[in-house]
Amino acid sequence: MSPAPSDTAGVLERKDLGRLLEVLNGAGYRVVGPRVRDGAIVYDELRTEEDLPIGWRDRQEAGTYRLERSEDGRVFDFNVGPHSWKKYLFPPHHLLWSTRQEGNRLQVAPGPTLEDKPLAFLGVRACELAALQISDRVFQGGVVDPTYSQRRSSALIIAVECSTSAPTCFCPSMRTGPEVTQGFDLSLRELLSPWGHRFLVEAATDRGRALLRQLPLRAGTEEDQGDLGAQRARVRAGIQRSLPVDEAHDLLQENLEHPRWETVGRRCLACTNCTMACPTCFCSTTEEVPSLSGETSEHFRRWDSCFNLAFSQLHTISVRSSIASRYRQWLNHKLGTWWDQFGTSGCVGCGRCITWCPVGIDLTEELAALRAKAPSTPTTAQGAKA
Amino acid sequence: MPALGPNPRLAVFKFASCDGCQLTLLDCEDELLTLTRRVEIADFREASSQVIEGPYDLTLVEGSVTTEEDRHRVQEIRAESRFLVTIGACATSGGIQALRNFADVEEFSRVVYASPQYIRTLATSTPIRDHVSVDLELRGCPISKHQLLETISAVLTRRTPDLPTDSVCIECKRRGNVCVLVARGATCLGPVTQAGCGAICPAFHRGCYGCFGPQGTPNVPPLTHRLHELGASRGELLRVFRTFNAAAPAFRQASESEERAKT
Ligand code: SF4
Ligand code: SF4
Ligand code: SF4
């Protein structure tokens with residue numbers, strides 16, 4: 001008989017992982033998390049343990065993502081995919097309100113708010129916990145976004161610490177990972193070694209502790225801690241990319257006319273994929289969709305991007321007509337002026353924008369190029385200015 | 001935008017085309033009755049042989065200009081129309097029939113028709129905009145029903161319709177699709193193609209083939225470069241750019257550069 005776990009931590013054997021899903025379902029949560037679909041690990045509804053990507057691994061490079069089978073049966077042996085949790089908190093296309101004309105009066109009905117069930121995010125990585133905290137500042141730091149804040153406050157966060165890293169990851173340099181330290185209700189650390197296949201479970205909130213109590217746990221051992229240390233070292237050692245997070249703001253401000261913007265502008269497709277995949281990009285536009293009769297109308301919010309021509313349209317012209325100027329805008333905001341606006345970098349080093357860019361543009365490379373050489377002669381950066 | 005009278009007249013005209021875009025109007029089953037209450041359908045031969053003479057408040061023009069008669073007829077239509085909207089790839093870029101722009105049309109006629117001496121056609125297929133001024137263009141092969149209704153409703157209420165010039169990728173990502181280019185190396189024109197379809201093809205696991213034509217700021221060369229790296233042949237890329245919007249400048253340049261590199 002193994003020693004008893006504490007009320008905030010314990011070890012869950014792999015065979016008992018299904019219990020977690022049962023407990024969550026039983027507690028009335030709508031569980032969303034990673035599952036395999038169309039050649040990638042996306043976030044979608046999870047009903048049972050079998051819905052998880054058991055025995056799948058991803059291979060990521062700039063502009064490339066592939067899934068492959070792994071033999072060891074690990075459950076979370078992959079890194080972040082094309083989706084992020086923002087799709088739940090800040091839906092891509094969302095009805096804000098609808099109006100109906102009744103005589104001389106305009107009736108306004110709010111759009112859908114809370115789902116009947118609170119969400120449980122299962123499998124939130126360290127960089128994603130950081131992204132949630134950045135999004136909190138964006139959506140509820142000043143004016144509170146009701147859709148975001150209702151979903152965010154009811155959502156249960158179950159973190160999973162990365163047991164592997166992708167070549168596109170650079171969380172250590174952004175100080176956002178790879179270790180999970182805070183910002184969760186419950187966390188899982190998957191370990192697989194001759195000592196067994198198991199999860200170290202930790203609860204950080206009352207909600208987390210209430211769930212923890214319902215799981216069949218044993219107390220942690222020295223072997224568990226040893227395996228965790230080795231795993232963490234392996235994950236860190238695998239991370240190749242980095243970004244100078246503290247220097248970025250000034251570096252960007254000082255290089256607004258750098259010729260590199262033109263170079264990247266020639267490669268960039270202005271397709272928006274980087275901003276759509278980014279867990280912190282928050283731009284949106286609204287659309288009014290009146291019925292043909294003119295009696296009713298629906299007002300939606302949809303994801304928008306600074307890479308779109310119309311995004312910077314003032315009256316009739318776009319003030320960022322060149323693609324170079326849009327890329328510069330994006331990087332300057334993400335890594336630079338985000339600090340002025342929200343007191344943090346807008347990047348958490350998840351690497352999604354690198355993987356999901358069809359032509360593999362890599363922001364760490366772009367920043368390195370700015371840092372490598374300041375422009376030798378002042379340039380007019382025609383396109384970047386336009 | 002011009003002010004419309006209380007009973008605006010709608011007309012639909014066809015040039016060289018397959019009728020698919022006009023059918024989109026008939027496809028608006030739920031809205032058709034409302035539409036007939038908002039506008040007088042003055043000339044829409046796909047739907048009714050009853051014809052009311054112009055002028056028209058809102059004219060939808062489908063198809064491209066391929067004959068000498070077309071050239072005159074489109075002028076007459078413009079003169080009769082207050083607000084003229086071209087609909088579909090044919091009307092906005094010349095359509096699939098603009099493949100003739102890259103070939104010898106006489107040779108085509110000899111191969112296709114038993115008695116080519118009766119064929120009188122222009123050497124090119126051109127969009128309506130090349131001949132008369134156009135107030136709005138709806139892209140697509142066929143056009144999107146949502147964009148058509150949005151446009152009609154906008155014209156009726158004198159507002160600017162919401163017709164984004166963004167890429168297909170933004171619709172693809174909003175829809176939650178997994179990118180077929182990044183995750184499978186498939187040839188997808190989404191990054192250079194204008195939104196409007198709702199990213200239907202990637203949602204069905206195939207690459208976008210560009211039926212809405214080039215997006216607002218198409219940057220095609222880096223995409224073709226990447227697609228070659230992923231294994232697409234010159235011939236394949238030549239073909240994907242030579243479909244419904246073959247003569248749209250950005251796509252034409254792309255196919256011509258593939259052709260030059262091939263020979
Ligand atoms: S900018 Fe790129 S690496 Fe940084 S958070 Fe966004 S998607 Fe991740
Ligand atoms: S950086 Fe890449 S993903 Fe972003 S807009 Fe440019 S080409 Fe698209
Ligand atoms: S599948 Fe095509 S349209 Fe969708 S994001 Fe990828 S490149 Fe863009």
Side-chain angles (χ1 to χ4, degrees), chain A residues 37-44 58 60-67 81-83 87 91-93 265-273 275-277 285-295 297 302-305 307-311 316 318 321-323 326 355-361, chain B residues 28 30-39 146 149-150 152-154 156-157 159-160 162-186 188 190-193 195 202-205 215-223 225-227 229-230:
Chain A
R37 198 190 79 203
D38 302 337
I41 294 168
V42 300
Y43 293 152
D44 210 338
D58 57 13
Q60 303 194 38
E61 292 290 345
T64 307
Y65 181 102
R66 293 289 182 280
L67 278 190
H83 289 181
K87 71 171 187 168
H93 192 245
R266 277 193 295 276
R267 283 180 70 204
C268 173
L269 307 168
C271 66
T272 78
N273 276 303
T275 50
M276 296 294 107
T285 187
T286 55
E287 64 189 33
E288 188 67 39
V289 185
S291 65
L292 205 52
S293 69
E295 285 157 7
S297 189
R302 66 172 187 241
W303 287 355
D304 199 355
S305 168
F307 282 91
N308 286 331
L309 179 65
F311 184 81
T316 52
S318 172
S321 59
S322 77
I323 295 179
R326 287 178 234 164
T355 299
W356 298 98
C357 172
V359 292
I361 292 175
Chain B
C28 301
D30 296 340
E31 294 86 0
L32 260 185
L33 262 180
T34 318
L35 182 67
T36 57
R37 282 197 293 268
R38 298 290 314 265
V39 297
H146 171 80
L149 286 169
E150 163 65 6
I152 295 174
S153 139
L156 290 176
T157 51
R159 64 179 171 85
T160 308
D162 178 28
L163 302 170
T165 61
D166 314 346
S167 72
V168 170
C169 297
I170 198 169
E171 294 189 318
C172 197
K173 281 283 185 287
R174 280 194 209 113
R175 194 169 172 155
N177 292 344
V178 172
C179 175
V180 299
L181 196 162
V182 170
R184 269 199 3 243
C188 183
V192 296
T193 300
F204 288 93
H205 319 295
Q215 57 127 309
T217 40
N219 187 12
V220 186
L223 178 65
H225 178 83
R226 178 67 184 142
L227 294 173
E229 281 178 356
L230 290 169

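These numbers come from the heavy atoms of this one structure, side chains and all, not from hydrogens, waters or symmetry mates.
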Test Glu229(B) against His225(B) for side-chain hydrogen bond (donor to acceptor under 3.5 Å, both in side chains), laying out the working first. CA-CA 6 Å; Glu229(B) 281 178 356; His225(B) 178 83; 3.2 Å; yes
Can you find a pair of side-chain heavy atoms, one from Cys179(B) and one from Lys173(B), that are under 4.5 Å apart? yes
Looking at chain A, which one of [options] has the largest number of heavy-atom pairs inside 4.5 Å, strictly under?
options	result
Gly176(B), Cys28(B), Pro164(B)	Gly176(B)
Thr34(B), Leu181(B), Asp162(B), Ile170(B)	Ile170(B)
Gly190(B), Ala183(B), Ala195(B)	Ala183(B)
Thr193(B), Ile152(B), Leu223(B), Val180(B)	Leu223(B)
Asn219(B), Leu149(B), Val182(B)	Val182(B)

Where on [X] is there a heavy atom nearer than 4.5 Å to chain A: the side chain, the backbone, both, or neither?
X	result
Pro221(B)	neither
Arg174(B)	both
Arg184(B)	backbone
Glu150(B)	side chain

For the side chain of Ser167(B) and the backbone of Pro191(B), is there at least one donor-acceptor N/O pair under 3.5 Å apart? no
When you measure from the side chain of Asp166(B) to the backbone N and O of Asn308(A), does any donor-acceptor pair fall under 3.5 Å?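 No; judged by distance alone, with no hydrogens or angles, the pair does not exist.
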Select, from [options], the one with the greatest count of heavy-atom pairs under 4.5 Å involving chain B.
options	answer
Thr64(A), Val289(A), Thr285(A)	Thr64(A)
Pro82(A), Pro358(A), Cys357(A), Ala40(A)	Pro358(A)
Gly39(A), Pro290(A), Ala310(A), Ser291(A)	Pro290(A)
Arg302(A), Lys87(A), Gln60(A)	Arg302(A)
Gly294(A), Ala277(A), Pro92(A)	Pro92(A)

Structural part of [X] lying under 4.5 Å from a heavy atom of chain B:
X	value
Arg266(A)	backbone
Val42(A)	side chain
Glu61(A)	neither

In terms of side-chain heavy atoms, does Ser305(A) have a donor or acceptor partner in Thr275(A) at a distance below 3.5 Å? yes
So, Arg66(A) and Asp58(A), do they make that salt bridge, N to O below 4.0 Å?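 No.
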If I compare all heavy atoms of Thr272(A) with all of Cys169(B), which pair ends up nearest, and what's the gap?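 Smallest heavy-atom distance, with atoms named: OG1-C, 4.3 Å.
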Where Leu227(B) and Ala186(B) come nearest, the two heavy atoms and their spacing: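 Heavy atoms only, the tightest pair is CD2-O, 4.0 Å.
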Derivation of the side chain to side chain contact (heavy atoms under 4.5 Å, CB included) call for Ser153(B) and Arg159(B): CA-CA 8 Å; Ser153(B) 139; Arg159(B) 64 179 171 85; 2.9 Å; yes
Test of understanding: with ring pair (Phe, Tyr, Trp, His ring centres under 6.0 Å), list the residues that count as partners of His93(A), not counting sequence neighbours. Phe300(A)
Side chain to side chain contact (heavy atoms under 4.5 Å, CB included) involving Thr217(B) - partner list, sequence neighbours excluded: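 By the side chain to side chain contact (heavy atoms under 4.5 Å, CB included) rule, Thr217(B) matches Ala270(A), Leu309(A), Ile323(A), Arg326(A), Gln215(B).
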